[in-house]
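The first residue of the sequence shown is numbered 1, and numbering continues consecutively from there.
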Amino acid sequence: MAKFKRILLKLSGESLMGEKKYGIDEKRLGEYAQQIKEIHDMGVQIGIVIGGGNIFRGLSGAGKGFDRVKGDQMGMLATVINSLGLSSALVAAGVKARVLTAIRMEPIGEFYTKWKAIETMENGEVVIMSAGTGNPFFTTDTGSSLRGIEIEADVMLKGTRVDGIYTADPEKDPTATKFDEITYDEVLARGLKVMDLTATCMCKENNLPIIVFDMDTVGNLKKVMSGENIGTLVHP
């Protein structure tokens, strides 16, 4: 039995690079699709938001002289490319998937509405919500918080390269220790970079719990959905 009925899965664009330095690693994409298929087969309703950092990151573009609004728009389009790739991999794995976009771009994807997303999930399809919020100055973290709240998800699962939230960056600080669970207030007070501030505050205000876990280890998504204590739970 799955622990949650409806989830918002946030995937990192950078993780899609796998062993590559840029773009999409087909092996990693296939692994993600298989993990999503495993929990889809458990009867879970799945909404997905995926970042675009493997192709273009608006904020770093702004630091290199791009206009911030145009840079963010380029980042939104990068998320659409990743969403199309993931939907293609899911269909190849035997899972029906539909891409919705926050900016009108039919026939690439249907225009996002909350009701279209929920109807899609209730019909047994995975819904991938792309192009962020459709607005500049918002990250895909904020986009996933917003979509998670809108689609009335039970939890946001944030799949990353690390296996949870630590007191410091475990890749830089060997003394960093991992939290099994932590409150939103403590995340904010400690200034932990779980998600950006806007995203964390939105989840806090709307009581959307977050589980941060390592998505790059095959089988972890099913473990989280089965209630195994991996990753870090962020709760009110």
Side-chain angles (χ1 to χ4, degrees), residues 1-13 15 35-36 39-40 42-51 79 102 112-115 117-118 121-122 126-129 132-135 137-170 173 176-217 220-236:
M1 274 291 293
K3 189 175 181 184
F4 306 103
K5 182 170 182 271
R6 180 181 294 163
I7 64 161
L8 188 289
L9 176 63
K10 165 64 169 52
L11 297 174
S12 147
S15 289
Q35 289 201 73
I36 293 162
I39 67 164
H40 182 264
M42 294 166 80
V44 181
Q45 294 182 9
I46 307 163
I48 299 175
V49 171
I50 188 160
T79 72
Y112 169 84
T113 66
K114 163 185 173 156
W115 299 278
I118 289 175
M121 290 186 295
E122 287 179 342
V126 172
V127 63
I128 307 172
M129 296 163 281
T133 66
N135 299 295
F137 301 101
F138 291 96
T139 65
T140 46
D141 279 343
T142 309
S144 49
S145 303
L146 175 64
R147 297 297 182 237
I149 294 157
E150 279 187 308
I151 66 170
E152 300 167 31
D154 301 321
V155 67
M156 184 201 294
L157 303 182
K158 186 169 161 62
T160 65
R161 290 178 293 186
V162 285
D163 62 346
I165 300 168
Y166 284 76
T167 49
D169 186 342
D173 184 351
T177 53
K178 184 182 156 209
F179 295 100
D180 284 332
E181 57 177 83
I182 189 169
T183 64
Y184 292 115
D185 287 336
E186 195 174 351
V187 166
L188 295 167
R190 285 174 172 263
L192 298 172
K193 299 277 190 285
V194 180
M195 301 193 296
D196 64 79
L197 209 55
T198 315
T200 308
C201 290
M202 279 184 72
C203 289
K204 176 180 183 283
E205 286 169 4
N206 293 277
N207 294 320
L208 178 65
I210 309 164
I211 297 175
V212 180
F213 73 106
D214 171 16
M215 178 76 183
D216 294 354
T217 301
N220 269 0
L221 182 58
K222 188 173 184 181
K223 286 179 182 174
V224 171
M225 290 306 297
S226 302
E228 283 191 41
N229 190 19
I230 64 168
T232 303
L233 170 67
V234 189
H235 58 88

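How far CE of Met42 is from OG of Ser226: 4.0 Å, rounded to the nearest 0.5 Å. How far NZ of Lys114 is from CD of Glu152: 3.5 Å, rounded to the nearest 0.5 Å. Between Leu9 atom CG and Ile128 atom CD1 the span is 10.0 Å, to the nearest 0.5 Å. Note that CE of Met121 is 11.0 Å distant from CD1 of Ile48, once rounded to the nearest 0.5 Å. Note: Met156 CE to Leu8 CG = 5.5 Å, rounded to the nearest 0.5 Å. A distance of 9.0 Å separates OG1 in Thr113 from CD in Glu150, rounded to the nearest 0.5 Å.
The number of heavy-atom neighbours closer than 6.0 Å to NZ of Lys178, taken from other residues, nucleotides and ligands shown, is above 12. Open room surrounds NZ on Lys193; 12 or fewer heavy atoms of other groups in view lie less than 6.0 Å from it.
Looking only at side-chain heavy atoms (C-beta outward), Ile118 and Arg6 come within less than 4.5 Å of each other. In this structure, the side chains of Gln35 and Lys223 stay at 4.5 Å or more apart for every pair of heavy atoms. Using a 4.5 Å cut-off on side-chain heavy atoms (C-beta onward), Leu157 and Phe213 make contact. Contact of the Met195 side chain with the Cys203 side chain is registered, since non-hydrogen atoms from C-beta on lie closer than 4.5 Å. Residues Phe4 and Ile211 form a side-chain contact, since some pair of their non-hydrogen atoms from C-beta on lies under 4.5 Å apart. Looking only at side-chain heavy atoms (C-beta outward), Lys5 and Val44 stay at 4.5 Å or farther from each other. Proximity of Ser12 to Thr160: side-chain heavy atoms (C-beta onward) are nowhere separated by under 4.5 Å. A heavy-atom distance below 4.5 Å is found between the side chains of Val126 and Ile36.
With Ser145 contributing its side chain and Asp141 its backbone, the two residues share a donor-acceptor pair below 3.5 Å. Under a 3.5 Å cut-off, the side chain of Asp214 and the backbone N or O of Val162 do not form any donor-acceptor pair. When atom types are taken as modelled, the side chain of Thr232 and the backbone of Ile165 share a donor-acceptor pair closer than 3.5 angstrom. A donor-acceptor pair under 3.5 Å links the side-chain atoms of Thr183 to the main chain of Glu186, judged by distance alone.
Nearest heavy-atom pair across Asp173 and Ala168 is OD2-CB, 3.7 Å. Nearest heavy-atom pair across Tyr112 and Ile151 is OH-CG2, 4.1 Å. Closest non-hydrogen pair, Ser15 versus Arg161, comes out as OG-CG, 3.3 Å. Listed here is the closest heavy atom pair of Ala102 and Thr133: CB-C, 3.7 Å. The minimum heavy-atom distance between Ala176 and Thr167, with the atom names listed, is CA-OG1, 3.5 Å. Residues Ile7 and Ala153 come closest through the heavy atom pair C-CB, 4.0 Å.
Both the sub-6.0 Å distance and the 45° axial angle are not jointly satisfied by Arg190 relative to the ring of Phe179.
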_Pair Met225-Lys3, side chain to side chain contact (heavy atoms under 4.5 Å, CB included): steps then yes or no_ = CA-CA 5 Å; Met225 290 306 297; Lys3 189 175 181 184; 5.6 Å; no

_Criterion side chain to side chain contact (heavy atoms under 4.5 Å, CB included) on Val49 and Thr79, from CA distance to verdict_ = CA-CA 8 Å; Val49 171; Thr79 72; over 6 Å; no

_Determine whether Val187 and Val234 satisfy the following criterion, side chain to side chain contact (heavy atoms under 4.5 Å, CB included), listing intermediate values before the conclusion._
CA-CA 8 Å; Val187 166; Val234 189; 4.1 Å; yes

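Salt-bridge annotation for Asp185 and Lys204: present, with a side-chain N of the basic residue lying under 4.0 Å from a carboxylate O of the acidic one.
In summary, the side chains of Thr142 and Asp196 do present a donor paired with an acceptor at a separation below 3.5 Å, with no hydrogens or angles considered.
A search for side chain to side chain donor-acceptor pair (under 3.5 Å) contacts involving Glu181 returns His235, not counting sequence neighbours. With sequence neighbours excluded, no residue forms a side chain to side chain donor-acceptor pair (under 3.5 Å) with Glu228.
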